[in-house]
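Below you'll find the structure, written out as C-alpha cells, and then a few comments.
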Amino acid sequence: MKKSIGIFIAAILVVCLFAGCAETASTENAGAAETPAVPAAAESAGTAAESAGTEPAAAENEYAWDPNIGANPEKNEYYFVFVPKLVHPFYEPLIEGMERAAAEYAEQGITVTWDWDAPAAADAVLQTEKMEAAAAKSPDVLGVAVQDPVVIDPIVDEIEAAGIPVMLFADDTASGAGSGFVGLKDFYGQGYMVGKEIAEAMNGEGEVGLLMGSLAAVSHQGRLEGIKGALAEYPGITIVSEQATDDDLQKAVEVTEQMMNANPGLNAVISADGSGAAGAARAVADSGHGKIWIGGFDVNDENIEGVKDGSIYCIAAQDGIETGYDTLRMMIDIADGKITHADKREVWVNNMKLMQDTLADYGY
C-alpha cells in the first residue's frame, strides 16, 4: 500500500505545482507523536453548551449527536492514529474530549490508545506523508483533519481502499471521503457571526483588515466569505486589506503591523484562522495605534485571555471538547464495522460565541 500511496501522492503533487493548491505555514511549535495520558473519568462532553445559532436547522436533527454511537464496543482494545492539520493549540480541547471518552471506556475495562502525529506546518503535502506513516501502523481507524481536500481526499480514498477506515474530525470535505465526520459544518455562518459583531462594535463605519488564514483550508475560506457577507451589509465599512497568514501567529503579528502602517485609519482586524486574533492583538498592543476591534476564531489560551482583557472583542469556536469526545466514540463504531464509508455518519457540533459577557456561559 505504501508504494501505491506514494505514487498517488506524486501525481497529486504534479497537479498542485501548477494549481497552487499546497499552502505552507510556520508555527511556534514542532509536532511530535505521542499517546496522551487518560485522566480520571469526566462528565460526558456530548451534551455541550447551546449553539450560538449559526448552525443549519439540520444540525438539530439528522446531524445531531446520537448517544448510541460508541455505546457498545465489541473489543477490549482499540488503537487509533490522528493526523491533524498542524501543531496548534486549537486541538488541545479536542484531545481533552478524547481523553474524557477514553476514561469512560477504561471504567468498562476497555483500553483505547492513540498516536497524535501533527505536521509541523499547515502543508497538505506534509499531511499526506503523516497519513502514509500512520497507515503503515495499521490502526483500527485513522483520524484526519483535512488541510486541503484537493490533495487529501484522494489519499483518504486510497487508505480506505487498502482496508483502513478513515474518520474526519474538525475539518471535513465536500467530496464524501472518509467513513465519518465530527465537527463544525457551517463555517460561513460562523464567519458571518464574527463579522456582524465587529461591524456593530464599529457602529457600521470604518476600515477593516482581513487576515485570510490558509487559502487552501475550507474552514478558513468559509469563514472569510461569511465575514465579508456580514460586512457587506454596512455601506460605511471598507475592507482595506486582505492578506494570507497561514494560521501562523508570528505572521499574523507582522501582517497586522503592515496593515496599520499602510492604513492609519484602520479600525478593525478580523482573522479567519485560529492564530490571527492573538497575533493582531499583540501587534496592536505594541503599536500605540489606538483602539482596534479584533475578531477571530477557535479556543486557545491567548484568545481566551484576549477576550477577558478586551484586546480581542469576539471569538467564535466549535466546541472542541465535544468534537474530541464525539470523534473518539464514533471511531469505536467505525472500528467495529457499525459505521462504514457506505453509510458515512456526520455529527455537527455546537458553535460558541465567546465575548466578555458570554465566557462564563461556556465555562471560561
**Donor-acceptor pair, side chain of Gln108 and main chain of Asn76, under 3.5 angstrom** = no

**Request:** Only counting residues at least two apart or in another chain, list the ones meeting side-chain contact (heavy atoms from CB on, under 4.5 Å) with Pro165.
**Result:** Val141, Glu160, Ser179, Ile334

**Prompt:** By salt bridge (charged side-chain N to carboxylate O under 4.0 Å, His left out), which residues pair with Glu197, not counting sequence neighbours?
**Reply:** Lys353

**Message:** Using 0.5 Å steps for rounding, measure from the CZ atom of Arg345 to the CG atom of Asp333.
**Reply:** 8.5 Å

**Item:** Under the side-chain contact (heavy atoms from CB on, under 4.5 Å) test, residues paired with Asp343 that sit two or more places apart
**Value:** Ile339, Thr340

**Prompt:** Can you tell me how far the CE atom of Met330 sits from the CZ atom of Phe181, to the nearest 0.5 Å?
**Reply:** 9.5 Å

**Full working for side-chain contact (heavy atoms from CB on, under 4.5 Å) between Asp115 and Tyr79** = CA-CA 8 Å; Asp115 288 331; Tyr79 168 63; 2.5 Å; yes

**Message:** Under a 3.5 Å distance rule, please check whether Lys344 uses its side chain to pair with a backbone N or O of Ala177 as donor and acceptor.
**Reply:** yes

**Prompt:** Does Pro84 offer a backbone N or O that forms a donor-acceptor pair with the side chain of Gln127 under 3.5 Å?
**Reply:** yes

**Message:** Could you measure the distance from the CD1 atom of Ile292 to the OH atom of Tyr313? Nearest 0.5 Å is fine.
**Reply:** 16.0 Å

**Asked** Should Lys308 and Glu305 count as an ion pair when the cut-off is N to O under 4.0 Å?
**Response** yes

**Message:** The criterion is salt bridge (charged side-chain N to carboxylate O under 4.0 Å, His left out); which residues satisfy it with Asp286, sequence neighbours excluded?
**Reply:** none

**Message:** I want to check something: taking the side chain as every heavy atom from C-beta on, are Leu215 and Gln221 in contact at a cut-off of under 4.5 Å?
**Reply:** yes

**Message:** Does Ile332 form a side-chain contact (heavy atoms from CB on, under 4.5 Å) with Lys75? I'd like the steps, not just the answer.
**Reply:** CA-CA 9 Å; Ile332 294 293; Lys75 302 194 299 181; over 6 Å; no

**Request:** For residues Val269 and Leu266, report the shortest heavy-atom separation together with the two atoms involved.
**Result:** CG2-CD2, 3.8 Å

**Message:** Checking Tyr234 now: which residues fulfil side chain to side chain donor-acceptor pair (under 3.5 Å) with it, not counting sequence neighbours?
**Reply:** Lys196, Glu200

**Prompt:** In Å and rounded to the nearest 0.5 Å, what is the CG to OH distance from Asn350 to Tyr362?
**Reply:** 8.0 Å

**Request:** Among residues two or more places apart or on two chains, list those pairs meeting salt bridge (charged side-chain N to carboxylate O under 4.0 Å, His left out) that have a residue in residues 76-85.
**Result:** Lys85-Asp171

**Item:** Heavy-atom donor-acceptor pair, Lys338 side chain to Asn72 backbone, under 3.5 Å
**Value:** yes

**Ser214 side chain near Gln147 side chain, heavy-atom distance below 4.5 Å** = yes

**Prompt:** Can Val299 and Ile315 be said to form a side-chain contact (heavy atoms from CB on, under 4.5 Å), step by step?
**Reply:** CA-CA 8 Å; Val299 168; Ile315 291 291; 5.6 Å; no

**Prompt:** Can any side-chain N or O of Asn267 pair as donor or acceptor with the backbone N or O of Glu207 at less than 3.5 Å?
**Reply:** yes

**Message:** Suppose we screen for salt bridge (charged side-chain N to carboxylate O under 4.0 Å, His left out). Which residues come up paired with Asp157, at least two apart in sequence or across chains?
**Reply:** none

**Prompt:** Ignoring hydrogens and geometry, is there a side-chain-to-backbone donor-acceptor pair from Asn261 to Glu257 under 3.5 Å?
**Reply:** yes

**Prompt:** What class does the angle between the rings of Trp65 and Tyr325 fall in, given that below 30° is parallel, 30 to 60° is tilted and above 60° is perpendicular?
**Reply:** perpendicular

**Asked** Between the side chains of Asn263 and Ser241, is a donor N or O closer than 3.5 angstrom to an acceptor N or O?
**Response** no

**Message:** What verdict does the side-chain contact (heavy atoms from CB on, under 4.5 Å) test give for Asp247 and Phe90, after you've listed the backbone C-alpha separation in whole Å, the side-chain angles of each residue and the deciding distance to 0.1 Å?
**Reply:** CA-CA 11 Å; Asp247 221 344; Phe90 165 78; over 6 Å; no

**Message:** With a 4.5 Å cut-off on side-chain heavy-atom distances among I, L, V, M, F, W and Y, is there a chain of contacts connecting Ile164 to Met131?
**Reply:** yes

**Request:** Locate the shortest heavy-atom distance separating Leu328 from Ala102; write the atom from each residue and the value.
**Result:** CD2-N, 3.5 Å

**Asked** Quick one: does Asp140's side chain have a donor or acceptor within less than 3.5 Å of a partner on Phe80's backbone?
**Response** no

**Residues Asp309 and Ser311: side-chain donor-acceptor under 3.5 angstrom** = yes

**Prompt:** Roughly how far apart are Thr128 OG1 and Ile159 CD1, rounded to 0.5 Å?
**Reply:** 9.0 Å

**Prompt:** Are Ile95 and Met331 linked, directly or through other ILVMFWY residues, by side chains that come within less than 4.5 angstrom of each other?
**Reply:** yes

**Prompt:** Can you name the closest pair of heavy atoms from Thr111 and Thr113 and give their distance?
**Reply:** CG2-CG2, 3.9 Å

**Asked** Using 30° and 60° as the class limits, which term best fits the ring planes of Phe82 and Trp116: parallel, tilted or perpendicular?
**Response** tilted

**Request:** Answer yes if Val253 and Val284 sit in the same cluster of Ile, Leu, Val, Met, Phe, Trp and Tyr residues linked by side chain heavy atoms under 4.5 Å apart, and no otherwise.
**Result:** no

**Request:** Answer yes or no: is there an ion pair linking Arg100 with Glu104, defined by an N-O contact shorter than 4.0 Å?
**Result:** no

**Message:** Just to verify, what does Glu205 make a salt bridge (charged side-chain N to carboxylate O under 4.0 Å, His left out) with, not counting sequence neighbours?
**Reply:** none

**Prompt:** Does Asp117 use its side chain to pair, donor to acceptor, with the backbone of Val81 at less than 3.5 Å?
**Reply:** no

**Item:** Nearest atoms (heavy-atom pairs only) where Leu211 meets Gly276
**Value:** CD1-O, 3.6 Å

**Asked** For Ser287, what residues pass the side chain to side chain donor-acceptor pair (under 3.5 Å) criterion, not counting sequence neighbours?
**Response** none

**Request:** Answer yes or no: is there a donor N or O on one side and an acceptor on the other, between the side chain of Asp246 and the main chain of Asp248, under 3.5 Å?
**Result:** no

**Complete:** On a heavy-atom basis, the closest approach of Ile198 and Ala268 is CG2-CB, 3.7 Å

**Message:** So Ile239 and Leu210, do their side chains get closer than 4.5 Å, heavy atoms only?
**Reply:** yes

Distance-only donor-acceptor hits, side chain of residues 222-232, under 3.5 Å, sequence neighbours excluded:
from, atom 1, to, atom 2, distance (Å)
Arg223, NE, Gln190, OE1, 2.9
Arg223, NH1, Ala272, O, 2.9
Arg223, NH2, Asp298, OD1, 3.0
Lys228, NZ, Glu242, OE1, 2.8

**Request:** Calculate, to the nearest 0.5 Å, the distance between atoms CE and CZ belonging to Met98 and Phe169 respectively.
**Result:** 5.0 Å

**Item:** side chain to side chain donor-acceptor pair (under 3.5 Å) against Asp336, all qualifying residues, sequence neighbours excluded
**Value:** Tyr78

**Asked** In the hydrophobic clustering that connects Ile, Leu, Val, Met, Phe, Trp and Tyr at side-chain heavy-atom distances below 4.5 Å, which members other than Tyr192 occupy its cluster, ordered by chain and number?
**Response** Tyr188

**Item:** Common cluster, Leu126/Val146, ILVMFWY with side-chain heavy-atom separation under 4.5 Å
**Value:** no

**Item:** Smallest separation among heavy atoms of Met259 and Gly209, with atom names
**Value:** SD-CA, 3.8 Å

